[in-house]
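Side-chain atoms are counted along with the backbone in the values below, which use heavy atoms only and exclude waters and symmetry mates. Each ligand, and each atom within it, is numbered from 1 in the order the structure gives. For this chain, numbers begin at 1 and follow the sequence in order.
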Amino acid sequence: MRSLKILTVVGARPQFVKAAALSPVLARQDGVAEVIVHTGQHFDANMSDIFFSEMAIPEPRHNLGIGGGTHGQNTGRMIEALEAVLLAEVPDAVVVYGDTDSTLAAAVATSKLAVPLAHIEAGLRSFRRTMPEEINRVVTDHLADVLYAPSVSAVANLKREGIPQDRIVNCGDVMHDVVRLFTTIAMQRSAALDRLGLLPGEYNLMTLHRKENTDDRARLESILDGIAASPRPIVFPVHPRTTKRLAEFGLKLPRIVRTIEPQGYLDTLRLEASAHQILTDSGGVQKEAYFHGVPCVTLRDETEWVELVESGANMVVGADSARIAACLTGSALMNAKPNIYGDGRAAERIVDDLLKRLRP
Ligand code: UDP
């Protein structure tokens, strides 16, 4: 049997979480070696290192140390550095996740060298080209040789854009795998509630980091006005970009908000699972809310995870302070269908399919 080298490119927090589903499945395969490359897009200990240690993701062999610049600077530097890594490593395939600048750079460098490219979490669309992530997804999907889509709607988006059917696999969502693998461990090991003096069901959890919210003072202010109506404390792990913008705009958080540092994955799962409601503009956190059965209020004008809205698990309210306040003061019941995004075994399906393609 031919041995295979799979090179995985990660760089940002949501990609470390997704790699935690796939890396252990790759490690179990005979004759398969995974080489992880970290672009350095997220570099703080609490945005990067903690995920590798807590979730037992193999150490990156290459750390490119590229972060902190503009989209163009980061992407350009990453393409150049990744090309050198690919020429040195000569992998049989490259795996990329999601929609960050690291995803885009890896897709460009890989496809120019004619190395097979697999895109995990393919086919998601906000249909809003002003969103940097949307550009990254569209380009990556059109460069990829195999596209692992998490939902029926993602498959439909890809087909509508003319991507051949035989390249698309509806495998379910790897984030469901991760929640399945780590929730029990989080409930046993995380001391987040005790540390913060919180009781289950008696607080809301918020995350907020999308550029469309953080970089637009009026939207950010309107969100802060809306959340001030919360009858429960809002626990808010603040993303570095949001900390920076709040300071630049001189905005004060409502008294009901309790800020904390970005959390590791186990503490985040614990805080999510026991929250009364979750408010977020994160893609991953919207789904985690659903997996835990916690109602979600999405602080965006649209979502890529349309099934969550259709099933009643998610209310998309934008930055409208009145709608946000109404969600926080109204009833928070949820009765969504189970397993919208597969059965929590997406990584096995992906690895199985990828190896069949590489070893026909
Ligand atoms: N997350 C975390 N600590 C935090 C906030 C989020 O571990 O303080 C996790 C969260 O559980 C989810 C992932 O980070 O798995 C989502 O990443 P993010 O919101 O940065 O990106 P997006 O999903 O919007 O691309």
TODO: Assess the side chains of N204 and H276: does a donor N or O sit below 3.5 Å from an acceptor N or O?
DONE: no
Open item on the list: Geometry only, no angles: is P262 polar-contacting ligand 1 at N/O separations under 3.5 Å?
Closed with: no
Open item on the list: Just to verify, which of T303, T298, T280 counts as forming a side chain to side chain donor-acceptor pair (under 3.5 Å) with N314?
Closed with: T298
- [ ] Return yes or no for this condition: an N or O of G283 is under 3.5 Å from an N or O of ligand 1.
- [x] yes
Task: Cationic N near anionic O, under 4.0 Å, E307 to K337 - done: no
Open item on the list: Could you tell me, atom by atom, which parts of ligand 1 come under 4.0 Å of a heavy atom of R210?
Closed with: 24 (O), 25 (O)
Open item on the list: Which label fits Y341 and W305: parallel for a plane angle under 30°, tilted from 30 to 60°, or perpendicular past 60°?
Closed with: perpendicular
Task: Proximity of H119 and H142 rings by center, below 6.0 Å - done: no
Open item on the list: For ligand 1 and E288, I'd like to know whether there is a polar contact (N/O to N/O, distance under 3.5 Å).
Closed with: yes
Task: Side-chain ion pair, E121 and K287, N-O less than 4.0 Å - done: yes
- [ ] Within a distance under 4.0 Å of any heavy atom of G264, pick out the atoms of ligand 1 and give their elements.
- [x] 7 (O)
Open item on the list: Considering non-hydrogen atoms of the protein only, which is the closest contact for atom 25 (O) of ligand 1, and what is the distance?
Closed with: P14 CG, 3.5 Å
- [ ] May I ask you to identify the nearest protein heavy atom to atom 16 (C) of ligand 1, giving residue, atom name and distance to one decimal place in Å?
- [x] S282 OG, 3.8 Å
Task: atom 23 (O) of ligand 1: nearest protein contact (heavy atom, Å) - done: G284 N, 2.8 Å
TODO: Could you find the nearest protein heavy atom to atom 2 (C) of ligand 1 and give me its residue, atom name and distance?
DONE: T268 OG1, 3.1 Å
Open item on the list: Testing the basics here: between L358 and I6, what is the closest heavy-atom pair and its distance to 0.1 Å?
Closed with: CD1-CD1, 3.7 Å
Task: Nitrogen or oxygen atoms of R13 and ligand 1 under 3.5 Å apart - done: yes
- [ ] Return the residue, atom name and 0.1 Å-rounded distance of the protein heavy atom closest to atom 8 (O) of ligand 1.
- [x] Q263 N, 2.9 Å
